[in-house]
2 protein chains.
Amino acid sequence: MLSFAEENYLKAIYHLSEQSGDSVSTNAIAEILNTKAASVTDMIKRLSGKGILSYQKYKGVNVSESGRKAALQVIRKHRLWETFLVEKLKFNWDEVHDVAEQLEHIKSPLLIKRMDEFLGYPKYDPHGDPIPDEHGEFKAKPQVAISECEVNRSGIVVSVKDDSPEFLRYLDKIGAYLGAKVKVLDKVDFDGSMEIQIDNKKIVFISREVSENIWIAD
Amino acid sequence: MLSFAEENYLKAIYHLSEQSGDSVSTNAIAEILNTKAASVTDMIKRLSGKGILSYQKYKGVNVSESGRKAALQVIRKHRLWETFLVEKLKFNWDEVHDVAEQLEHIKSPLLIKRMDEFLGYPKYDPHGDPIPDEHGEFKAKPQVAISECEVNRSGIVVSVKDDSPEFLRYLDKIGAYLGAKVKVLDKVDFDGSMEIQIDNKKIVFISREVSENIWIAD
DNA sequence: AAATATTTTTAGATTAATCTAAAAATGGTA
DNA sequence: TACCATTTTTAGATTAATCTAAAAATATTT
Ligand SMILES: [Mn+2]
Ligand SMILES: [Mn+2]
Ligand SMILES: [Mn+2]
Ligand SMILES: [Mn+2]
């Protein structure tokens, strides 16, 4: 049984290794978890001892198969809780992440089974991220970041890659909800910023940082 | 902000002081929390330092006004979660306590507000215990333990005082749900055991320990 | 390749929460 | 009142999780 802290490390390391496709460095983990490299070294030793990570001094860590399974179960819980909060308790999508960070550590297989059932076996969370099933299986919708799109390309927002309230409230403000139609009107090659049209109406100018975090599909 | 352990101590001490109406002893706390007296001494010092308890060496502890408020908020969360699990997720009443012990420590005022709303502002939990409102106000139904009833007295089960799965499953087996009608048919003075009729049908023989934990009202 | 910079690990402390064993206080009984 | 049993506290350890500062390993740049 993993502690809260162990689960948080595991989840962060899993996400980092998915992103980079490579082994994960001590500093990268420390930065994401707002902690110190020394603390990370201690913890990855412990998780290696439990067979959750494989680790050689100075070489970074990799998530083992059992670690991957455990990580996906925590992620499953996080995303099911976020879905519950939005669908049933009328939370806004920017209000759910921090609460889900707590709820994801509740240990009760029955609770998760019943919650999944109660929600109608949702496949995606309020930010468009896929919810792994009880075996850890999931499928992300085919999608592309707006930042990668050519001028005149349009599509439906299916996922947003930043969970922070600040970003999500900005999306609310410009109307870029999941399901909204987005069309690229113009692109500034110099800094990657662009002009987009939302739902055939509003025209807004967004920075590269924003366009990298909004993903669309046809 | 109280830690999980601090909240658990506070809740236990609050319940003990309500029961006895007096200051609470170190040993009583240790027994209820399955811990050692030495650990209790450490913790009550800490909670006194935070103004949650008042404490003098060797004299036992009392819950302060701010402690009482905090305890009632934890109890509120525990009972709301139990209600949610039974009403919405179809848990049986014997399956909820351990999960609620975890969920009661989640910190999110909005979550509790919305959960209360979602459940329709319930006044009692699945075991008949009153749910304090956001100000800590609550009212238990007038009620009496079957063990205190005379022969021929009858009433409706409104509350059960033991949360353990073993006890609750036994009540399921004999049909003594909340809302069931119970009539005392016979009473053995020697050991307090009694014969009761449930819902005008089944006749069962129950021990004193059981009769003390089933409470009825007219 | 040597010097320098960066990253990572180790050493040593700290805090919360727990324990065992021993000492101190309390309360009842001879 | 003095002794004894019980309760409570203290002393000293332990484990998880964290930190700072210093040492060691690795990577980069002259
Ligand atoms: Mn999230
Ligand atoms: Mn999400
Ligand atoms: Mn309970
Ligand atoms: Mn209850």
Side-chain angles (χ1 to χ4, degrees), chain A residues 1-14 16-17 19-20 22-63 67 70-71 74 101-102 104-107, chain B residues 1-14 16-17 19-20 22-63 67 70-71 74 101-102 104-107:
Chain A
M1 182 114 312
L2 301 179
S3 69
F4 284 26
E6 287 170 337
E7 287 188 343
N8 284 334
Y9 271 90
L10 173 58
K11 194 162 59 106
I13 294 167
Y14 171 80
L16 286 167
S17 78
Q19 243 165 34
S20 72
D22 199 12
S23 64
V24 179
S25 76
T26 301
N27 264 358
I29 299 166
E31 191 181 352
I32 270 218
L33 292 175
N34 285 306
T35 186
K36 295 294 145 76
S39 307
V40 173
T41 301
D42 279 350
M43 182 59 97
I44 61 188
K45 280 181 185 166
R46 187 132 41 90
L47 290 174
S48 298
K50 294 195 176 195
I52 296 267
L53 304 176
S54 64
Y55 160 67
Q56 305 169 67
K57 270 190 199 175
Y58 295 102
K59 301 291 179 188
V61 291
N62 289 91
V63 179
V74 179
E101 283 294 317
Q102 300 178 61
E104 71 188 4
H105 303 295
I106 302 291
K107 268 83 176 177
Chain B
M1 183 113 314
L2 300 181
S3 70
F4 284 25
E6 288 170 336
E7 287 189 341
N8 285 334
Y9 270 90
L10 173 58
K11 194 162 60 106
I13 294 167
Y14 172 80
L16 286 168
S17 77
Q19 245 164 33
S20 72
D22 199 14
S23 65
V24 179
S25 78
T26 302
N27 265 358
I29 299 166
E31 191 181 353
I32 271 221
L33 291 175
N34 284 307
T35 186
K36 295 295 144 74
S39 307
V40 173
T41 301
D42 279 351
M43 182 58 98
I44 62 188
K45 279 180 184 166
R46 188 132 41 88
L47 291 174
S48 298
K50 294 194 175 193
I52 296 272
L53 305 176
S54 64
Y55 161 65
Q56 305 171 65
K57 270 190 199 176
Y58 295 102
K59 302 289 179 190
V61 290
N62 289 91
V63 179
V74 179
E101 283 294 315
Q102 299 178 61
E104 71 189 4
H105 303 294
I106 302 292
K107 267 86 175 175

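Protein chains get the first letters and strands the later ones, always in sequence-line order, with residue 1 at the start of each.
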Peer 1: If I take atom CE in residue A:Met1 and atom P in nucleotide D:dT15, what distance separates them, rounded to the nearest angstrom?
Peer 2: 21 Å
Peer 1: Mind checking what makes side-chain hydrogen bond (donor to acceptor under 3.5 Å, both in side chains) contact with B:Lys107, not counting sequence neighbours?
Peer 2: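 Once residues adjacent in sequence are excluded, the partners of B:Lys107 under the side-chain hydrogen bond (donor to acceptor under 3.5 Å, both in side chains) criterion are B:Glu7.
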Peer 1: Rounded to the nearest angstrom, tell me the gap between atom CD in A:Glu6 and atom C1' in D:dT15.
Peer 2: 12 Å
Peer 1: How does protein reach along nucleotides 8-13 of chain D, written 5' to 3' as B (base within reach of a heavy atom under 4.0 Å), S (only sugar-phosphate), or - (no contact)?
Peer 2: BBB---
Peer 1: Considering only heavy atoms from C-beta outward, does the side chain of B:Tyr14 approach that of B:Val24 to under 4.5 Å?
Peer 2: no
Peer 1: May I have the distance from B:Lys36 (atom NZ) to D:dT7 (atom C1'), rounded to whole angstrom?
Peer 2: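 From B:Lys36 NZ to D:dT7 C1': 15 Å.
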Peer 1: Would you say the side chain of A:Ile32 lies within less than 4.5 Å of the side chain of A:Leu16, judging by non-hydrogen atoms?
Peer 2: yes
Peer 1: OP1 or OP2 of D:dT18 less than 4.0 angstrom from a side-chain nitrogen or oxygen of A:Thr35, does that happen here?
Peer 2: no
Peer 1: In whole angstrom, what separates B:Asn34's CG from C:dT18's P?
Peer 2: 12 Å
Peer 1: Looking at every non-hydrogen atom in both residues, tell me the closest pair between B:Ala71 and B:Leu10 and how far apart they are.
Peer 2: N-CD2, 3.6 Å
Peer 1: Do the ring planes of A:His105 and A:Phe4 sit parallel (below 30°), tilted (30 to 60°) or perpendicular (above 60°)?
Peer 2: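 Aromatic pair A:His105/A:Phe4 classed parallel.
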Peer 1: Could you check how far CZ of A:Phe4 sits from P of C:dA16, rounded to whole Å?
Peer 2: 18 Å
Peer 1: Rounded at 0.5 Å granularity, tell me how far OH in A:Tyr9 sits from CD1 in A:Ile29.
Peer 2: 8.0 Å
Peer 1: Given atom CD of A:Glu31 and atom C1' of C:dT7, what is their separation to the nearest angstrom?
Peer 2: 13 Å
